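Every number for a ligand or one of its atoms is a count from 1 in the order of the listing. What you see is a predicted model; the values in this text were computed from it and never measured.
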Amino acid sequence: MGAFDGKVAVVTGAARGIGRAVAEKLASEGADLVVCDLQSEWLTETTEAVRGLGRKVLPLAVDVGDSEAVNACVAEVLKEFGRIDVMVNNAGITKDTLLVRMSDEDWDAVLRVNLKGTFLFTRAVARPMMKQRGGAIINIASVIGLIGNAGQCNYAASKAGVIALTKSTAKELASRGVRVNAIAPGFISSKMTDALSQEVRDQMLANIPLSCFGTPDDIAKAVVFLASEEAAYVTGQVLSVNGGMVM
Ligand code: NAP
């Protein structure tokens with residue numbers, strides 16, 4: 001018996017990295033999964049892994065910044081499974097450059113995926129979760145949304161926005177048994193962070209008290225906690241998972 005037997009979880013940006021680890025961890029705890037990413041063929045590995053764990057899985061191509069696509073996705077999940085218990089807003093992008101060089105397009109693209117995408121999925125699942133009188137929404141923010149970072153003003157603003165969205169929706173949905181929390185990962189090994197130079201990586205490591213980078217699985221474990229009954233009295237919070245990088 002898993003903690004999530006009979007539960008249905010939706011994870012965005014699930015093709016790789018943190019999203020894939022989250023989907024697999026929730027499946028290993030018994031959840032059926034809806035895994036979303038920009039293209040369905042990118043979801044093959046995640047889908048096979050979840051199926052291998054003996055869970056039902058529905059892979060869907062969804063651009064999280066597209067309102068109609070998000071609403072259609074949630075409608076399909078409800079048609080297929082009849083409920084949504086866990087929503088993990090994980091899809092995210094970076095387009096880093098210094099403020100004075102940042103184009104309108106780089107600003108808009110990052111805000112569209114990271115912040116608007118989280119808003120759209122939260123709005124779409126809120127009604128069915130309130131009707132069920134239960135649900136957990138977990139938004140993947142970032143340590144950068146707490147402290148800012150040179151060269152990432154668009155990303156930092158989007159993640160700070162995700163934190164404010166988390167707290168506001170937690171207040172709105174609490175009376176219906178729906179909890180909303182955020183996770184602020186620090187430096188997690190993934191394709192996004194593999195793209196950084198060795199120099200930047202060394203600098204970051206020097207500022208992490210636990211002396212190592214995190215793994216997607218470290219974030220997946222935090223998601224499982226916040227989604228579970230173990231966190232029944234936790235809402236509107238930001239859980240930092242960062243090796244002590246920011247205290
Ligand atoms: P990742 O490896 O780049 O994975 C993100 C996934 O989201 C990719 O498959 C990506 O597809 C997909 N995606 C991008 N835009 C999308 C859209 N519009 N609709 C649907 N899916 C979309 O990133 P990650 O490192 O696992 O990060 C996951 C989340 O954690 C992000 O929100 C990120 O900001 C956050 N985070 C990561 C770190 C870290 O150190 N890795 C730290 C703090 C926070 P593409 O292949 O097209 O990009």
Open item on the list: Test salt bridge (Lys or Arg N to Asp or Glu O under 4.0 Å) on E29 and K25; report intermediate values, then the result.
Closed with: CA-CA 6 Å; E29 298 282 338; K25 185 61 107 191; 5.7 Å; no
TODO: May I have the step-by-step check of side chain to side chain contact (heavy atoms under 4.5 Å, CB included) for F81 and K56, ending in yes or no?
DONE: CA-CA 10 Å; F81 293 99; K56 283 189 205 145; 4.0 Å; yes
TODO: Evaluate side chain to side chain contact (heavy atoms under 4.5 Å, CB included) for T122 paired with M129, printing each intermediate quantity in order.
DONE: CA-CA 10 Å; T122 301; M129 283 184 173; over 6 Å; no
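Ion pairing between a basic and an acidic side chain is recognised when a charged N comes within 4.0 Å of a carboxylate O; R83 and D85 show such pairing. Salt bridge R112/D63: present, at least one basic N to carboxylate O contact under 4.0 Å.
Using a 3.5 Å distance cut-off with no hydrogens or angles, the side chains of Q152 and D96 do pair a donor with an acceptor. For the 3.5 Å distance criterion, the side chains of N139 and N89 qualify, holding a donor opposite an acceptor. Judged purely by distance below 3.5 Å, without hydrogens or angles, the side chains of Q198 and D202 pair a donor atom with an acceptor atom.
Listed here is the closest heavy atom pair of G145 and K159: CA-CB, 3.7 Å.
An N or O contact shorter than 3.5 Å is missing between P185 and ligand 1 by distance. At least one N or O atom of R16 sits closer than 3.5 Å to an N or O atom of ligand 1.
Set against the non-hydrogen atoms of G17, the atoms of ligand 1 under 4.0 Å away are 26 (O). Close contacts of ligand 1 with V62, meaning ligand atoms under 4.0 Å from a residue heavy atom, involve 19 (N), 20 (C). Taking every heavy atom of D63 and a limit of under 4.0 angstrom, the matching atoms of ligand 1 come to 17 (C), 18 (N), 19 (N). Within ligand 1, the atoms closer than 4.0 Å to a non-hydrogen atom of Y155 are 33 (C), 34 (O), 35 (C), 36 (N), 43 (C), 44 (C), numbered from 1 in the order shown. Contact atoms of ligand 1 toward I93: 14 (C), 15 (N) (distance under 4.0 Å to a heavy atom of the residue). Near W42, meaning under 4.0 Å from one of its heavy atoms, ligand 1 places the atoms 11 (O), 45 (P), 46 (O), 47 (O).
Residues passing the side-chain hydrogen bond (donor to acceptor under 3.5 Å, both in side chains) test with S189: none are found, sequence neighbours excluded.
If you look at V113 next to ligand 1, the close heavy atoms, those under 4.0 Å, all belong to the side chain. Residue-level proximity to ligand 1 for N114 is absent, since no heavy atom of it falls below 4.0 angstrom. The part of A141 lying near ligand 1 is the backbone, judged by heavy-atom distances below 4.0 Å. Heavy atoms of N90 found under 4.0 angstrom from ligand 1 belong to the backbone as well as the side chain.
Within the structure, ligand 1 lacks Q39 among the residues with a heavy atom less than 4.0 angstrom away. Using a 4.0 angstrom heavy-atom cutoff, G186 counts as in contact with ligand 1. The shortest separation from a heavy atom of A21 to ligand 1 is not under 4.0 Å, leaving the residue out of contact.
Of the candidates A91, S142, C36, A91 brings a heavy atom nearest to atom 22 (C) of ligand 1. Which of G117, G19, G92 comes nearest to atom 5 (C) of ligand 1 through a heavy atom is settled by distance: it is G92.
Through side-chain heavy atoms spaced under 4.5 Å, either directly or across other Ile, Leu, Val, Met, Phe, Trp or Tyr residues, I188 is tied to F4, V11, I18, V22, L26, L33, V35, L43, V50, V57, V86, V88, I138, I140, I183, I219, V223, V224, F225, L226, V234, L239, V241.
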